[in-house]
2 protein chains.
Amino acid sequence: MVNDQRESGRRQVFSAIRKAGRVARVDLARETGISPATVTAITAELLREGLIEETGTPDRSDLRRGRPRVDLKVRGAAHVVAGMKLSHLAIATALIDFEGTMIAEHTCALDKSRHSAAELTALVERALDETLSKAGLSRDQLSGVGLGMSGVVDAMGGLVHWSPSVAERNVPLRDMLGARIDLPIFIDNDANLVAMAEQYFGHGRGVSDFIVVTIESGVGMGIVINNEVYRGARGCGAEFGHTKVQLDGALCRCGQRGCLEAYVADYALLREAATTTDFADITTSSAKLQALVEAARGGDTTAQMIFDRAGRMFAMGLANVVNIFDPQLIILSGERMQFDYLYADQVLDSIRRSIIQIDLPPPQIVIHKWGDLMWAKGAAAFAIDGVADIALQNFSGNAA
Amino acid sequence: MVNDQRESGRRQVFSAIRKAGRVARVDLARETGISPATVTAITAELLREGLIEETGTPDRSDLRRGRPRVDLKVRGAAHVVAGMKLSHLAIATALIDFEGTMIAEHTCALDKSRHSAAELTALVERALDETLSKAGLSRDQLSGVGLGMSGVVDAMGGLVHWSPSVAERNVPLRDMLGARIDLPIFIDNDANLVAMAEQYFGHGRGVSDFIVVTIESGVGMGIVINNEVYRGARGCGAEFGHTKVQLDGALCRCGQRGCLEAYVADYALLREAATTTDFADITTSSAKLQALVEAARGGDTTAQMIFDRAGRMFAMGLANVVNIFDPQLIILSGERMQFDYLYADQVLDSIRRSIIQIDLPPPQIVIHKWGDLMWAKGAAAFAIDGVADIALQNFSGNAA
DNA sequence: ATATTTTGATTTGCGTATTGAAATATTAAA
DNA sequence: TTTAATATTTCAATACGCAAATCAAAATAT
């Protein structure tokens, strides 16, 4: 393989194109530091392989003379991938093209939240096929599948060490799925996938170091360092929900005490509320939480106290992460409005106050409300990343 | 500059040699993935430039036939650098050769702990010259100077945002020193430097992701990710001492509440001890702490309680870092025996218990007791890194 | 109209790094 | 001594990236 240094050039150029959305070759050369001549050579290759395409001459609002630039963009039609998210009682699937455009979506209900790995592979396969038929596509038109779930997942090894969705421990889920679905499979923790979604399609575009915090029923975190999702040595980094915010504090689902999750997750709030309030007439925990939110809004001081402490604990935990990481940007990525109390101004202020003070602007904090396909889109982003990786490796220029 | 891909090869080979200590070319080729032919070419260049040297054929304990391998190692005599550490009332300086061998050391007392930047440059210059004359060297035999201090330091920009040793804020100390000492100057936070010392000469050799925790009067942390010291977006990452371990907790020197430092630093312990014990007859705080340690050992329950809580807070703070980072290795790097209580087995166990449990071995925790030149050696490691960088850049093969 | 200028993209020729294959060196084992 | 094994070096072939030159397409000047 002499084609080794070329690969790095191709990678640089391609990711610059993706990052920019649409760029002319001149700008690619300027941004990557690669000479215009080489940019021409590389883009010609990528064009030939169909990974990118030329668009019409760009918007000439800034009338310049000279030869007009020709913008390049990722060719959406090059690949279609599926992003799937295993959650409590459903499998959400999204089909997304190489540019990130949504092609189809589908949600498949589950009868219970935890399944054996064998059951799960069958369910995932079914959900995938249902989505494909909905979109009128066949499996061989797909280039890869990304799958996310909460829990501890080793993305490199394709192992699920532990997940609330999987009955067994240490399941080689990637290979199990790969055996039934003959496509490249990519599995990861869901918070990491949201980080990738932000990196590819959201606020993280072009930001090299940022943190994404997600709240579902637990608290998750994804870390991007140097334009890459950081996964830790054992593949179980960023367990933000289980950082401790109180010595010998509240009991957590994980069996330890004082975890952040044990203060801010829905079950934690309801546990507290149950001390004074009896939600006997409300059945679902989601509705109970809603009632608690209403109570706080309505002036119930106990309910307010509960949310207040949760917010302050959240701020403390997040400030710790910032003090350790010093990211450029923190994205609070949420799906449900129920967690608004954690994103309140006073919480954000509290975070800012708890960060070590220097004479530089503090990291930016943005709140990003996604639709309910956030997770699946993240899984798709992961798949796109993997597929692009393969595509950039394999095709070795000299197709002739 | 066509000499761009060559540089990367040289870097790879050189750092592989440094990491290994002594290696034969075959192994370099295997480890770096570069072909043997190219390894020969590159090592020939490095040899010509004097950056590395051949050693006699290695220990033939594993008798193999065939042509014996010739080991290569970094040539210590290639460069000498100075590592300097600004601490409370002294400047410690170490002269170290390119291999990391100590050549000379010197400590220069200071009359006060905080100086203006102008005073400081003069003091550093004096300390450097004194050390050089002690070793019988002149300035032009030196290739670089590394300087570490506690506080918030922007290593890239050469700025000291804030330091207990410097009177002003946001001082361009690197350039100020560079103006008086005509050598490459490298400044950084001291905890980062200890991380580099571990990476180059200590337990961090060959480990790609690890964390170093240092305790002096404050608590510092250095993070190595992907073989590089992570410095954060604004250059103020890893402020471990100011992560919060208690909501609205004890008051810290930094003005905030609940910082880890406010529970484990010497001043924090003495502050608590003062409530029940009067150390009126003891003058230095170091001696007071010693007395407190003795009291605890002697069975004083109050003293024991104080240390116990400090240890548990420390464990909690560190467990948080581990839950976020998932490092391969944690190095507790200490100079003074006084902090033994933080390194006690029960503290380490407490850390392990607070880490999220998966079916993989937990990160290794090692305690590394350095002499008092730890800090200066770290500064020297930083300087060596910088000097090597320059050396690998500049010499462009074709010396002819 | 036509020439000139400006800017972007492409082609060309060259120096050089990398590499596979072959050659060479050096030792142990047969 | 011969053979086998292993390490290193040499050498020719290749491919890569770059600077400079050239081509292309537009705006602007004359």
Side-chain angles (χ1 to χ4, degrees), chain A residues 1-13 17 20 22-48 52-72 395-400, chain B residues 1-14 17 20 22-48 52-72 392 395-400:
Chain A
M1 293 286 143
V2 190
N3 244 40
D4 219 22
Q5 59 267 38
R6 177 59 147 264
E7 202 181 304
S8 98
R10 290 155 62 98
R11 284 219 145 71
Q12 268 186 87
V13 169
I17 292 173
R22 31 185 73 220
V23 241
R25 285 171 248 254
V26 227
D27 291 326
L28 281 176
R30 199 169 308 128
E31 272 163 49
T32 59
I34 297 172
S35 79
T38 307
V39 169
T40 293
I42 290 176
T43 53
E45 234 176 53
L46 295 176
L47 281 166
R48 204 178 330 125
I52 62 172
E53 62 190 357
E54 295 187 337
T55 71
T57 53
D59 187 13
R60 314 313 271 41
S61 60
D62 55 334
L63 270 201
R64 269 183 294 193
R65 54 183 186 174
R67 176 171 175 172
R69 43 185 60 191
V70 181
D71 275 359
L72 300 168
F395 242 95
S396 37
N398 43 6
Chain B
M1 291 285 146
V2 190
N3 242 41
D4 222 20
Q5 59 267 35
R6 176 57 148 265
E7 204 180 303
S8 98
R10 291 156 62 97
R11 283 218 147 69
Q12 268 186 86
V13 170
F14 186 75
I17 293 172
R22 31 186 73 221
V23 241
R25 284 170 250 253
V26 227
D27 291 326
L28 283 176
R30 197 169 311 128
E31 274 163 48
T32 59
I34 297 172
S35 78
T38 308
V39 168
T40 295
I42 290 176
T43 52
E45 231 176 56
L46 295 175
L47 282 166
R48 204 177 330 121
I52 61 172
E53 62 190 357
E54 294 187 335
T55 71
T57 53
D59 187 12
R60 312 315 273 35
S61 60
D62 55 335
L63 271 200
R64 269 184 294 192
R65 54 185 186 171
R67 176 173 175 171
R69 41 186 61 191
V70 181
D71 275 359
L72 301 167
L392 290 170
F395 243 94
S396 38
N398 44 5

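Scope of the values below: all heavy atoms of this structure, side chains included, with no hydrogens, waters or symmetry mates. Chain letters run A, B, ... following the sequence lines, proteins first and then strands; every chain starts at 1.
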Salt bridge (Lys or Arg N to Asp or Glu O under 4.0 Å) against [X], all qualifying residues, sequence neighbours excluded:
X       : result
A/Glu54 : A/Arg25
A/Arg11 : A/Glu7, A/Asp389
A/Glu31 : none

**Prompt:** Between C/dT27, D/dC18, C/dG8, which nucleotide gets closest to the side-chain atoms of B/Arg65?
**Reply:**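 Looking only at side-chain atoms, B/Arg65 lies closest to C/dT27.
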Please report the distance, rounded to the nearest Å, between [atom1] in [X] and [atom2] in [N].
X       : N      : atom1 : atom2 : result
A/Ile52 : C/dA9  : CD1   : P     : 12 Å
A/Arg10 : D/dA15 : CZ    : C1'   : 14 Å
A/Leu47 : C/dT10 : CG    : C1'   : 13 Å
B/Ile42 : C/dA17 : CD1   : C1'   : 9 Å
A/Ile34 : D/dC16 : CD1   : P     : 13 Å
A/Glu45 : D/dG17 : CD    : P     : 9 Å
A/Asp27 : C/dA9  : CG    : P     : 8 Å
B/Leu46 : D/dT8  : CG    : P     : 15 Å

**Closest approach of A/Leu28 to A/Thr32 (non-hydrogen atoms, all atoms of both residues)** =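 Nearest pair, atom of A/Leu28 first, then A/Thr32: O-OG1, 2.7 Å.
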**Request:** List in chain and number order the residues that pass side chain to side chain contact (heavy atoms under 4.5 Å, CB included) with B/Ala20, two or more places apart in sequence or in another chain; answer none if no residue qualifies.
**Result:**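 By the side chain to side chain contact (heavy atoms under 4.5 Å, CB included) rule, B/Ala20 matches B/Val23.
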**Message:** Tell me every residue that passes side chain to side chain contact (heavy atoms under 4.5 Å, CB included) with A/Ala41, counting only those two or more places apart in sequence or in another chain.
**Reply:**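 A/Ala41 satisfies side chain to side chain contact (heavy atoms under 4.5 Å, CB included) with A/Arg6 only.
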**Asked** Taking only side-chain nitrogens and oxygens of B/Thr38, does any of them come within less than 4.0 Å of OP1 or OP2 of C/dT18?
**Response**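 Checking B/Thr38 against C/dT18: no side-chain N or O falls below 4.0 Å of OP1 or OP2.
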For nucleotides 9-11 of chain D, list the nitrogen or oxygen atoms of the protein found under 3.5 Å from its nitrogen or oxygen atoms, one pair per line.
residue	atom	partner	partner atom	Å
D/dT9	OP2	B/Arg25	NE	3.4
D/dT9	OP2	B/Thr40	OG1	3.1

